Amino acid sequence: MRVLIVEDDDILRDGLGVGLRLAGFSPDAVETCADAAAALRAGDFQVMVLDLMLPDGSGLDLLRRWRADGVSMPVLVLTARDRLEERVAGLDAGADDYLGKPFELEELAARLRALLRRNHGRAESVLQWNGLLLDPARMRGTRGTEEITFSNREFTILHALMERPGAVMAKAALEERLYGWQEDVESNTVEVHVHKLRSKLGPDFITTVRGAGYRLADEKVTT
């Protein structure tokens with residue numbers, strides 16, 4: 001779950017990056033409108049955390065331009081300016097949610113998960129496929145009475161596949177979920193973590209589509 005953080009406060013920006021990574025997100029953090037625009041052009045993000053007071057302009061103006069250009073990614077506005085009229089202006093400009101400072105990281109992570117669910121047309125918080133229940137809030141799975149834990153990268157790959165269980169995801173698309181837009185990509189990371197997932201979920205849970213990528217195995221029909 002790639003998230004772009006646009007925040008000019010160094011301490012808060014670093015803290016958000018660390019905290020959201022621990023919560024199962026793959027965050028990239030920038031501090032200016034210009035860097036945010038460059039990141040959007042270069043990376044495939046699923047959700048954004050946007051501060052309104054940025055060194056080179058207004059986050060609200062930036063949001064209006066993005067919406068006018070057709071950018072539909074969910075955006076959570078994070079700001080100390082929390083008066084009613086400012087919240088209304090932010091929502092009318094295209095924000096999907098609004099969270100005032102100070103805030104608890106757990107609430108921010110929960111709001112981002114909710115935005116992603118709605119963006120994928122889901123109401124339920126738990127993903128299900130072939131007997132596996134995946135809880136994004138806990139980054140754990142259950143199958144029957146068995147609880148299965150995952151590393152951050154294992155969870156990121158599995159979550160991406162379970163969001164679109166019938167679709168093939170290219171290796172490059174999975175790499176984008178794992179790495180920041182300015183990070184060097186290790187050549188065999190996806191293969192290594194798919195192998196680890198198969199060792200935990202069974203060799204047939206994830207199918208390799210030669211030359212195309214990976215998808216979940218067809219759902220088994222129980223009678």
Side-chain angles (χ1 to χ4, degrees), residues 1-7 13-30 35-36 38-49 71 73-76 105 108-110 112-117 119-120 122 125-127 129 132-141 148-203 205-217:
M1 297 182 288
R2 290 195 67 194
V3 54
L4 178 62
I5 302 165
V6 187
E7 168 61 59
R13 187 175 63 252
D14 292 344
L16 286 172
V18 172
L20 289 177
R21 189 172 297 279
L22 291 174
F25 293 87
S26 297
D28 281 288
V30 297
D35 287 344
L40 274 189
R41 289 192 297 269
D44 180 20
F45 297 95
Q46 282 71 56
V47 66
M48 179 189 297
V49 176
V71 176
M73 174 180 54
V75 174
L76 183 147
L105 185 61
L108 174 62
L112 293 178
R113 288 191 294 267
L115 289 178
L116 289 166
R117 286 199 304 272
N119 197 47
H120 285 91
R122 294 189 292 109
S125 60
V126 176
L127 300 172
W129 192 256
L132 177 70
L133 305 180
L134 185 68
D135 184 355
R138 298 172 62 236
M139 294 176 59
R140 294 187 179 185
I148 307 169
T149 59
F150 305 102
S151 70
N152 280 9
R153 287 187 169 179
E154 290 167 6
F155 169 80
T156 296
I157 291 173
L158 182 59
H159 187 272
L161 293 171
M162 290 186 70
E163 281 181 332
R164 302 173 59 201
V168 177
M169 289 201 70
K171 177 183 174 181
L174 292 173
E175 287 173 339
E176 283 204 344
R177 296 288 187 101
L178 295 175
Y179 291 95
W181 65 291
Q182 293 180 313
E183 287 185 278
D184 292 329
V185 177
E186 299 175 26
S187 61
N188 65 339
T189 297
V190 171
E191 290 88 346
V192 168
H193 291 295
V194 167
H195 175 76
K196 291 179 179 178
L197 285 168
R198 285 172 173 155
S199 70
K200 294 180 178 183
L201 301 173
F205 194 88
I206 298 173
T207 297
T208 299
V209 181
R210 190 172 299 277
Y214 300 90
R215 68 173 179 85
L216 298 184

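Side chains are part of it too, since the values below use all heavy atoms of this structure and drop only hydrogens, waters and symmetry mates. Predicted model only: the values in this text are computed from it and were never measured.
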Heavy-atom pair of closest approach, residues A23 and M139 | C-SD, 3.6 Å
Would you call R113 and R117 a side-chain contact if the rule is heavy atoms closer than 4.5 Å?
-> yes
Flag side-chain contact, heavy atom, 4.5 Å: E7 against V49 = no
Among L20, L16, D28, L115, whose side-chain contact (heavy atoms from CB on, under 4.5 Å) with V3 holds?
-> L20
CZ of F205 to OG of S199: how many Å apart, nearest 0.5 Å?
-> 13.0 Å
W129 side chain reached by L134 side chain, heavy atoms, under 4.5 Å | no
Taking every non-hydrogen atom, the tightest pair across L216 and M162 = CD1-CG, 3.7 Å
Write down the atom of R177, the atom of A160, and the distance for their closest heavy-atom approach.
-> NH1-CB, 3.4 Å
Nearest heavy-atom pair of A173 and M169: which atoms, and what distance?
-> CB-CE, 4.0 Å
What's the spacing between N188 CG and H195 NE2 if we round to 0.5 Å?
-> 11.5 Å
Please round to the nearest 0.5 Å and tell me the distance separating atom CG of L174 and atom OH of Y214.
-> 8.0 Å
Determine whether R21 and N152 make a side-chain contact, defined as any pair of heavy atoms from C-beta on separated by less than 4.5 Å.
-> yes
Side-chain contact, heavy-atom cut-off 4.5 Å: L161 with L197?
-> no
Looking only at heavy atoms, what is the nearest atom pair of G17 and I5, with distance?
-> N-CD1, 3.8 Å
Reported OG1-to-NZ distance for the pair T149 and K200, which is rounded to 0.5 angstrom | 5.0 Å
One should read off an interatomic distance between L4 CG and M48 CE, to the nearest 0.5 angstrom, of 4.5 Å
Please report the C-alpha distance between V47 and N119 in whole Å, then the side-chain angles of each, then the deciding distance to 0.1 Å, and finally whether the side-chain contact (heavy atoms from CB on, under 4.5 Å) criterion is met.
-> CA-CA 9 Å; V47 66; N119 197 47; over 6 Å; no
Could you pull out the closest heavy-atom pair between F155 and F150, with the gap in Å?
-> N-CB, 3.9 Å
Could you check L158 against L132 for side-chain contact (heavy atoms from CB on, under 4.5 Å), going step by step and ending with a plain yes or no?
-> CA-CA 11 Å; L158 182 59; L132 177 70; 3.9 Å; yes
Counting only N and O atoms by type, is there a donor-acceptor contact under 3.5 Å from the side chain of R2 to the main-chain atoms of E176?
-> yes
Heavy atoms of other groups near R198 CZ, more than 12 under 6.0 Å | yes
Between CD1 of I157 and CD1 of I206, what distance do you get to the nearest 0.5 Å?
-> 7.5 Å
Note, L40 side chain near M73 side chain (heavy atom, < 4.5 Å) = yes
